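The next block holds one structure in the form of structure tokens; read it before the comments.
One is the number of the first residue; the rest follow in order along the sequence. Small disclaimer: the values here were computed from a predicted structure and weren't measured.
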Amino acid sequence: QVQLVESGGGLVQPGGSLRLSCAASGSIFEVGAMGWYRQDPGKERELVALITSDGVTNYADAVKGRFTISRDNAKKMVYLQMNSLKPEDTAVYYCKAERVRSSSWGHPTTYWGQGTQVTVSS
């Protein structure tokens, strides 16, 4: 079984920074794209940033220039550096790992973490 565990959320003032981390553990042969999504109560979950196994990145327009996604394939981790945070960035942030296989012949599966709360407020 594969688990994704996020960390690094918390309360920060507008203009501040936070760094989220997500660790994948379990029986993992390879991981495809990894990403960060966020969700406010009553709203749909939305993409924040995505990074492929080759390091190609994609960002939501709302976070371009402020957030940076990175990954460490050897450690099976993905990070989200969030700078110049705004109150509208407040949400639960979820880590996602796509096309995770436990072996070379395993079926690719998508996994989600449990989420970490980010609150931007003065």
Side-chain angles (χ1 to χ4, degrees):
Q1 186 67 12
V2 173
Q3 285 189 320
L4 301 180
V5 178
E6 302 102 333
S7 61
L11 172 64
V12 64
Q13 292 187 342
S17 298
L18 281 176
R19 187 186 191 220
L20 304 183
S21 299
C22 173
S25 63
S27 179
I28 299 173
F29 172 73
E30 68 177 10
V31 182
M34 300 185 76
W36 290 93
Y37 292 71
R38 64 187 182 188
Q39 186 170 22
D40 257 344
K43 295 184 179 180
E44 290 188 359
R45 192 170 296 186
E46 63 178 8
L47 171 70
V48 176
L50 192 72
I51 184 167
T52 69
S53 56
D54 295 330
V56 178
T57 59
N58 183 38
Y59 295 93
D61 288 342
V63 307
K64 282 181 180 176
R66 301 189 296 123
F67 292 9
T68 302
I69 189 170
S70 60
R71 66 188 283 172
D72 185 327
N73 289 332
K75 295 181 178 179
K76 298 182 180 63
M77 294 194 68
V78 63
Y79 308 94
L80 186 68
Q81 178 65 42
M82 304 185 294
N83 299 327
S84 302
L85 282 160
K86 305 175 181 180
E88 51 264 42
D89 294 319
T90 295
V92 177
Y93 284 69
Y94 296 91
C95 174
K96 178 184 178 184
E98 300 177 354
R99 301 190 60 80
V100 180
R101 295 198 295 165
S102 60
S103 65
S104 59
W105 60 88
H107 181 73
T109 304
T110 295
Y111 292 92
W112 289 91
Q114 293 297 308
T116 184
Q117 177 69 47
V118 171
T119 302
V120 184
S121 175
S122 55

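- Not counting sequence neighbours, K76 has no partner by the salt bridge (Lys or Arg N to Asp or Glu O under 4.0 Å) test.
- Considering every non-hydrogen atom in both R38 and A91, the closest pair reads CB-CB, 3.8 Å.
- Pairs passing the disulfide (SG to SG under 2.5 Å) check and including a residue from residues 73-107, sequence neighbours excluded, read C22-C95.
- The shortest side-chain heavy-atom distance between M82 and V12 does not fall under the 4.5 Å cut-off.
- One hydrophobic cluster, built from ILVMFWY side chains closer than 4.5 Å, cannot hold both Y93 and M77; they sit in different ones.
- Here the closest non-hydrogen pair linking A24 and L4 is CB-CD2, 3.4 Å.
- A donor-acceptor pair is defined here as one N or O able to donate and one able to accept, closer than 3.5 Å; no such pair exists between the side chain of Q114 and the backbone of E6.
- Smallest separation of non-hydrogen atoms from L20 and W36: CB-CH2, 3.6 Å.
- Summarising the geometry, atom CG belonging to L80 is positioned 14.0 Å from atom CZ belonging to R71; distances are rounded to the nearest 0.5 Å.
- Residue T90 comes nearest to V120 through the heavy atom pair OG1-N, 2.8 Å, listed as atom of the first residue, atom of the second, then distance.
- Residues T109 and V2 form no side-chain contact, since every pair of their non-hydrogen atoms from C-beta on lies 4.5 Å or further apart.
- In this view, D54 satisfies the salt bridge (Lys or Arg N to Asp or Glu O under 4.0 Å) rule with no residue, not counting sequence neighbours.
- Taking every heavy atom of both residues into account, M34 and I69 meet most closely at O-CD1, 3.9 Å.
- Partners of K75 according to the salt bridge (Lys or Arg N to Asp or Glu O under 4.0 Å) rule, which considers only residues two or more places apart in sequence or in another chain, do not exist here.
- When the side-chain hydrogen bond (donor to acceptor under 3.5 Å, both in side chains) test is applied to S102, no partner is found at least two apart in sequence or on another chain.
- Here the straight-line distance linking atom CG of N83 with atom OG1 of T68 works out to 6.5 Å at 0.5 Å rounding.
- Minimum interatomic distance between D89 and R66 (heavy atoms only, all atoms of both residues): OD2-NH1, 2.7 Å.
- Residue pairs meeting the salt bridge (Lys or Arg N to Asp or Glu O under 4.0 Å) criterion with at least one partner in residues 19-30, sequence neighbours excluded, are E30-R101.
- Scanning for side-chain hydrogen bond (donor to acceptor under 3.5 Å, both in side chains) contacts around S7 gives an empty result, with sequence neighbours left out.
- Within 6.0 Å of CD in E88 there are more than 12 heavy atoms belonging to other residues, nucleotides or ligands.
- Side chains of S121 and L11 form a contact here, defined as non-hydrogen atoms less than 4.5 Å apart.
- Contacts of S25 classified as side chain to side chain contact (heavy atoms under 4.5 Å, CB included), with partners at least two apart in sequence or in another chain: Q3.
- For residues 104-122, there are no salt bridge (Lys or Arg N to Asp or Glu O under 4.0 Å) pairs, not counting sequence neighbours.
- Checked against side chain to side chain contact (heavy atoms under 4.5 Å, CB included), K64 has the following partners two or more places apart in sequence or in another chain: Y59, D61.
- For the ring pair (Phe, Tyr, Trp, His ring centres under 6.0 Å) test, no residue two or more places apart in sequence or in another chain qualifies with Y79.
- Annotation for L50: hydrophobic cluster partners, listed by chain and number, are Y37, L47, V92, Y94, W112 (ILVMFWY side-chain heavy atoms under 4.5 Å, direct or chained).
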